[in-house]
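Note on naming: letters A, B, ... go to the chains in the order of the sequence lines (proteins, then strands), and numbering restarts at 1 for each one.
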Number of protein chains: 2
Amino acid sequence: MGRRNLGDEANGRATLASSIYEQIRDEIVTGALAPGEKLRIEQLKQRYDLGTSPIREALNRLSMEKLVVQFDQRGFVVAPVSQEDLHELTDARCSLYGILIPRSLEQGDTQWEENIVICLHRLNRAQWLVGDPARLNPAARMAHRDFHRSIIAAAGSPPLVDFMDTLFDFSERYRLLAQQNREAPHRPTSNEHAEMADAAINRRTNDVLELCQTHVRRTAALVDRLFEEQGLPGSNYR
Amino acid sequence: MGRRNLGDEANGRATLASSIYEQIRDEIVTGALAPGEKLRIEQLKQRYDLGTSPIREALNRLSMEKLVVQFDQRGFVVAPVSQEDLHELTDARCSLYGILIPRSLEQGDTQWEENIVICLHRLNRAQWLVGDPARLNPAARMAHRDFHRSIIAAAGSPPLVDFMDTLFDFSERYRLLAQQNREAPHRPTSNEHAEMADAAINRRTNDVLELCQTHVRRTAALVDRLFEEQGLPGSNYR
DNA sequence: AATTTTGAATTAATCGATAATATGATTCAA
DNA sequence: TTGAATCATATTATCGATTAATTCAAAATT
């Protein structure tokens, strides 16, 4: 609580605004910041030992991403969650898979195949390194996302592929929120990923589509059930 | 040029950041701010008679929207354009129509139908009020967007419908950029819109899909040709 | 000539303070 | 009691100044 700048992580030299953006984003996605929670500027300033500007810039970015809701003159709030929203999200992802998977398998070349293999390997390693793949370890979460992206990467439609990435993070948020209060976190069977990779590389379009959509829908159903049992997180904010 | 605050436009009471966000966004979409143009904070401060905060917040928002590109420590630039980008954009829109139109026509109820009729009417009126529908008059541009959204509004997938809206604005930007140096701007034949509305309300799914995709592709091709002839705007920025 | 170094000028990022607005409790009137 | 009005407090939004980083050109070096 007295250091300064640091910056330059993956990037050459990040601004404080970019660093804090990443951090807050991560805390929202992992549920460290609860849905509906008020984000008071003064509080955040103290918590992260920063001035107003970088924090407000970060929150402005997050509000465009819909991870934060901004009310003019009344500040910022962590985006709420709802079962309806989860459903719409799931639905959108499945629809987009319907477009992107056939295209990607059709256009994918050798490099695309090899990238899938690498991403699968990294995902498995990451899972091996720490107990739970996606919950605690940020690197593992990234590996998970990279793997899913690698499948559709050859679809050649950056707008849609990027959008899928966004939706992935949103789903991830729901997953992590749901299992937050749980002992045994839901662990994606590595088997399932291996099957996806295999089916993709061997151009079994229908199988890949089926696997991905099922994967997405099953996880969503699980989350939905947990919410049903435990109630929605963040219902305790005004 | 010494007024202050004003704020509250459409909204109850907007912040300066929100107002300037809207304004800069509009200037980028209409081409008043050219692709690749450097957005110097100091310059913008003077131009709009504002302090740093609202302007930086606006630019941070725009960078998440990809209308502006941010380089950490090196400021902001109006997002560049390219024929490749236009093509990807067009492609993505057509794909999404493939999902959204069938769904919307299937689920659309009476209210949905009536909304289409109203949007069509407003679009026609807006065109009648000023010479060119979409180029100069912001209200007409909005009417145009509203009409296109009204067709797919009943698809029931807010993430995808919102995303379509974003893509619409991007296409609009290309269209406006291309005709910027032109005497006779491309005017969407109001006929075409009437046909769309009719086909949608009468649930002729294939016709609507065909009309929308053709509409999008034809405009894109036109823009593409103009770029080919005139060169890409914004090639004169470093 | 090409590259590196240096340093002034420019520009970006950030801070701390102020102004504007909202919130919530309290009083007052009905 | 209810509801409006008032005021004190908390919070947000904005500004102006400071600090940090980049750029660019001139000088020095190879």
Side-chain angles (χ1 to χ4, degrees), chain A residues 1-25 33 36-64 68-79 236-238, chain B residues 1-25 33 36-64 68-79 236-238:
Chain A
M1 28 193 63
R3 106 266 82 135
R4 187 74 331 163
N5 197 310
L6 48 115
D8 58 23
E9 21 191 82
N11 187 354
R13 37 213 157 273
T15 56
L16 292 180
S18 292
S19 307
I20 199 61
Y21 158 75
E22 302 251 10
Q23 184 167 349
I24 296 178
R25 186 181 201 282
L33 288 168
E37 189 173 344
K38 178 87 208 243
L39 295 165
R40 263 171 265 266
I41 303 293
E42 191 55 39
Q43 179 181 300
L44 296 173
K45 277 168 63 171
Q46 293 189 247
R47 176 136 176 265
Y48 300 111
D49 185 28
L50 289 173
T52 25
S53 317
I55 286 176
R56 287 191 61 89
E57 287 181 22
L59 294 179
N60 270 277
R61 292 191 211 178
L62 288 164
S63 73
M64 294 305 286
V68 156
V69 181
Q70 174 166 29
F71 299 95
D72 273 11
Q73 301 309 7
R74 286 189 287 157
F76 302 85
V77 159
V78 178
N236 42 341
Y237 292 94
R238 62 120 183 71
Chain B
M1 25 182 76
R3 107 267 80 142
R4 183 80 326 162
N5 196 309
L6 47 114
D8 58 21
E9 22 189 81
N11 187 355
R13 39 210 155 275
T15 56
L16 292 181
S18 291
S19 308
I20 199 61
Y21 158 76
E22 302 251 11
Q23 185 168 347
I24 296 177
R25 186 181 201 284
L33 288 168
E37 189 173 344
K38 178 87 207 242
L39 295 165
R40 262 169 266 266
I41 304 293
E42 190 56 40
Q43 180 179 297
L44 297 173
K45 278 168 62 171
Q46 293 190 247
R47 177 137 176 262
Y48 300 110
D49 184 28
L50 290 174
T52 25
S53 316
I55 286 176
R56 287 191 60 90
E57 287 182 22
L59 295 179
N60 269 277
R61 293 191 210 179
L62 288 164
S63 73
M64 292 306 286
V68 156
V69 182
Q70 175 167 28
F71 299 95
D72 273 10
Q73 312 291 20
R74 285 189 285 158
F76 302 84
V77 159
V78 178
N236 41 341
Y237 291 95
R238 62 118 180 71

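- Between the CG atom of A:L50 and the P atom of C:dG16 there is a distance of 10 Å, rounded to whole Å.
- Of the inter-residue distances, the one linking B:E57 atom CD with B:L16 atom CG reads 10.0 Å to the nearest 0.5 angstrom.
- Nearest to the side-chain atoms of B:I41 among the listed nucleotides C:dA12, D:dT14, D:dG16 stands C:dA12.
- Ranking C:dA17, C:dA22, C:dT14 by closeness to the A:T52 side chain, first place goes to C:dA17.
- Atom pair A:L39:CG and D:dT12:C1' shows a separation of 13 Å (rounding to whole Å applied).
- Distance B:Y48 OH to D:dC15 P: 15 Å, rounded to the nearest Å.
- The residue among A:K45 and B:E42 whose nearest nucleotide of DNA chain C is located toward the 5' end is B:E42.
- One atom, CZ of B:R56, and another, P of D:dC15, lie 14 Å apart when rounded to the nearest Å.
- Just one of A:I41, A:I24, A:V69 meets the side chain to side chain contact (heavy atoms under 4.5 Å, CB included) condition when paired with A:F76; it is A:I41.
- For A:E57, counting side-chain heavy atoms from C-beta on, the closest listed nucleotide (D:dT14, C:dT14, D:dT22) is C:dT14.
- Rounded to whole angstrom, the span from the NZ atom of A:K38 across to the C1' atom of D:dT11 amounts to 7 Å.
- As a whole-Å value, the separation of A:Q73 CD from C:dA19 C1' is 12 Å.
- Looking at heavy atoms from C-beta onward, B:K45 lies out of side-chain contact with B:L50 at the 4.5 angstrom threshold.
- Evaluation of atom-type donor-acceptor distances gives a pair under 3.5 Å for the side chain of A:S53 against the base of C:dC15.
- Comparing the axis of the opening five pairs of the helix from C:dA1-D:dT30 to C:dA30-D:dT1 with that of the closing five pairs yields an angle of 20°, rounded to 10°.
- Per the geometry, CZ belonging to B:F76 stands 6 Å off P belonging to C:dA13, to the nearest Å.
- Considering only side-chain N and O atoms, B:R74 lies under 4.0 angstrom from the phosphate OP1 or OP2 of D:dT23.
- For B:R13, a side-chain nitrogen or oxygen approaches OP1 or OP2 of C:dA22 to under 4.0 Å.
- For B:L16 and D:dA13, the CG to C1' distance is 8 Å, given to the nearest whole Å.
- Counting all heavy atoms, side chain and backbone alike, B:M64 lies closest to A:Y21 at CE-OH, 3.4 Å.
- In this structure a side-chain-to-backbone donor-acceptor pair under 3.5 Å is missing from A:N60 to B:R61.
- Under 4.0 Å is where a charged nitrogen must lie from a carboxylate oxygen, and between B:R25 and B:E22 no such pair does.
- Residues A:L39 and A:L62 fail the side-chain proximity criterion, which asks for heavy atoms closer than 4.5 Å.
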